[in-house]
Protein chains: 2
Amino acid sequence: MTREPSKPASFAQNDLGTIGGAHRLQRRFSPGSELIHEGQLKASVFVLLGGWTFSYKMLPNGGRQIMDFQLPGDFLGLRGIIFGSADHSIEAATHVEASQLAASDVRDAIGNSPRLASAVLRAIARNEAMVLEHLVNVGRRSGEERLAHLLLELHARLKLRGLADKKGFDCPLTQFHLADALGLSAVHVNRVLRHLREAALVTFQNGRVDFDNIDSIQQLAGFDAAYLHQNETLRHSGSEILISMQ
Amino acid sequence: MTREPSKPASFAQNDLGTIGGAHRLQRRFSPGSELIHEGQLKASVFVLLGGWTFSYKMLPNGGRQIMDFQLPGDFLGLRGIIFGSADHSIEAATHVEASQLAASDVRDAIGNSPRLASAVLRAIARNEAMVLEHLVNVGRRSGEERLAHLLLELHARLKLRGLADKKGFDCPLTQFHLADALGLSAVHVNRVLRHLREAALVTFQNGRVDFDNIDSIQQLAGFDAAYLHQNETLRHSGSEILISMQ
DNA sequence: CGAACCTTTGAGCGTCCTCAACCTGCGTGG
DNA sequence: CCACGCAGGTTGAGGACGCTCAAAGGTTCG
């Protein structure tokens, strides 16, 4: 199955619907602050303009499971507008700039535009596909494989947005973030990172991830970017929500 | 937060749309046979009428991660109609009776009925919420907690359909199924089951799960049925798809 | 009645965890 | 400007949880 190289610059864009501009709000968050809190009733929808966030759940024993990282351009909190309350928290990992949309406005826009509704449906389905792959990752792969898989996923997603080059990408995550996403301890993540570095596969140092040998690491991790469904993306531009397809 | 006891018998039902009856097909599957194969292009949608199935992904090294179990009344393969191909396989765990709907028919029905589209959206979102909880389970809970959590989830879902009583339920799964759902080995599942039995918490023997002390096991597992969003259910009746809300 | 599948138990081992110490870089305040 | 505190990274030691391999008993079904 040969795959064409992605050409992020040559999108054919079809607008799918507009969101009433009245209640849009540009907001900033500093690292560690919460955009959405688990259980929050009238949670908003955000569009990440800059910075990274992550969604997570806390456990009674103090453990934290990070479910996903959100990168610039990503929507977050979409599922919250369906259930009326958030079933997870979202926290800023870096300084974050985000556009906030009132849940009711988004709901109305979806109701008025079948094409927008369809786009949201696909966005949620794509999201679930990612979470599924994370489940496979955590459930059935070794520490090395998990870590490699996560870094490869981030790389693939960032590359599509022009935020990564062939070699690697800037990564603001701490080893604690990686640990809580992978179901490992931070100490063990550190050791696995060292191991991957010594094996000349990936290097994660000083906020920068560099792949020494991306082919062999993809094989090690069993990584196939197909589950990301990157050929289409729900995006945000001005007062509109766009869907872009290659 | 007190929760009303569920009353499965007193649904108020609103029909949401009809599926063209032409291409519906009643089918039977025997244990171990596949309803949907990963990568399959024109995968159908099924409604489980009787029996259990499970969705899973295989890994290059031979490992298997079960993502979810489907119980009578559940829809399966909904995400396949969005992407056009299945990103996971679905296998019958027991003898299964299912109603098969052509993907194109379902797509058309969704396109023609915004309310049906909304119901499907909610069904997919609910599905994702379940998978998310499975991710938390596998990523951050001990073997005992995972197993207890899974059994409690199955119990809660079956109870809503009248397929379980207060004490427990009939469970056709093998210890291999449990292991592959929980990211454990079958041998270890066996030991954990013994441990739970000796601690007088749950007993799983001869295809029957019985909770000895459901309160303390819920606390052990950190189980809260809220994520199942059981107050509404997408259901199938005759030639219609119904959404039921309490 | 045999075969296949599932469960159960033992033994030994490896991955990953916890606890703990120490180092670095960085921002803040005296 | 330096002192300090703090967050994050690194490394060691010891132990727990869960794995693999192996063998034996039970069930089910053709």
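Quick caveat, the model's predicted, so the values are computed rather than measured. Hydrogens, waters and symmetry mates play no part in the numbers below; they use all other heavy atoms, side chains included. Sequence lines set the chain letters: A, B, ... in the order given, protein chains first and strands last, and positions in each chain run from 1.
- Salt bridge B/Asp180/A/Arg140: present, at least one basic N to carboxylate O contact under 4.0 Å.
- Within the 4.0 Å cut-off from OP1 or OP2 of C/dT8, not a single side-chain nitrogen or oxygen of B/Arg194 is found.
- Considering B/Arg146, B/His188, B/His134, B/Arg141 as possible partners of B/Leu182, the one that fulfils the side-chain contact (heavy atoms from CB on, under 4.5 Å) test is B/Arg146.
- Between A/Phe29 and A/Phe46, the ring planes lie perpendicular to each other; the angle is over 60°, past the 30° to 60° tilted range.
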Contact string for nucleotides 16-24 of chain D, one letter per nucleotide 5' to 3', B = base within protein heavy-atom range under 4.0 Å, S = sugar-phosphate only, - = neither, reads --BSBB---
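- Taking side-chain N and O atoms only, B/Asn190 has no distance below 4.0 Å to OP1 or OP2 of C/dT7.
- Atom C1' of nucleotide C/dG25 and atom CD of A/Gln205 are separated by 14 Å, given to the nearest angstrom.
- In this structure, the CG atom of A/Leu147 is 14 Å from the C1' atom of C/dC16, given to the nearest Å.
- Rounding to whole angstrom units, CG of residue B/Asn206 and P of D/dG26 are separated by 13 Å.
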Take B/Arg191 and B/Glu198, measure what salt bridge (Lys or Arg N to Asp or Glu O under 4.0 Å) needs, and give me the verdict at the end.
-> CA-CA 10 Å; B/Arg191 290 191 230 270; B/Glu198 288 170 355; over 6 Å; no
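- Across the protein-nucleic acid pair, A/His195 atom NE2 and D/dT10 atom P stand 16 Å apart, rounded to whole Å.
- For B/Phe204 and C/dC6, the CZ to P distance is 12 Å, given to the nearest whole Å.
- For D/dT10, the OP1/OP2 oxygens have a side-chain nitrogen or oxygen of A/Gln175 closer than 4.0 Å.
- Ring geometry, B/His155 versus B/Phe169: the interplanar angle falls under 30°, so the pair is classed parallel (tilted spans 30 to 60°).
- Rounded to an integer number of Å, the gap from B/Leu193 CG to C/dT9 C1' is 14 Å.
- Aromatic ring pairs are classed by plane angle as parallel below 30°, tilted from 30° to 60° and perpendicular above 60°; the pair B/His177 and B/Phe69 is perpendicular.
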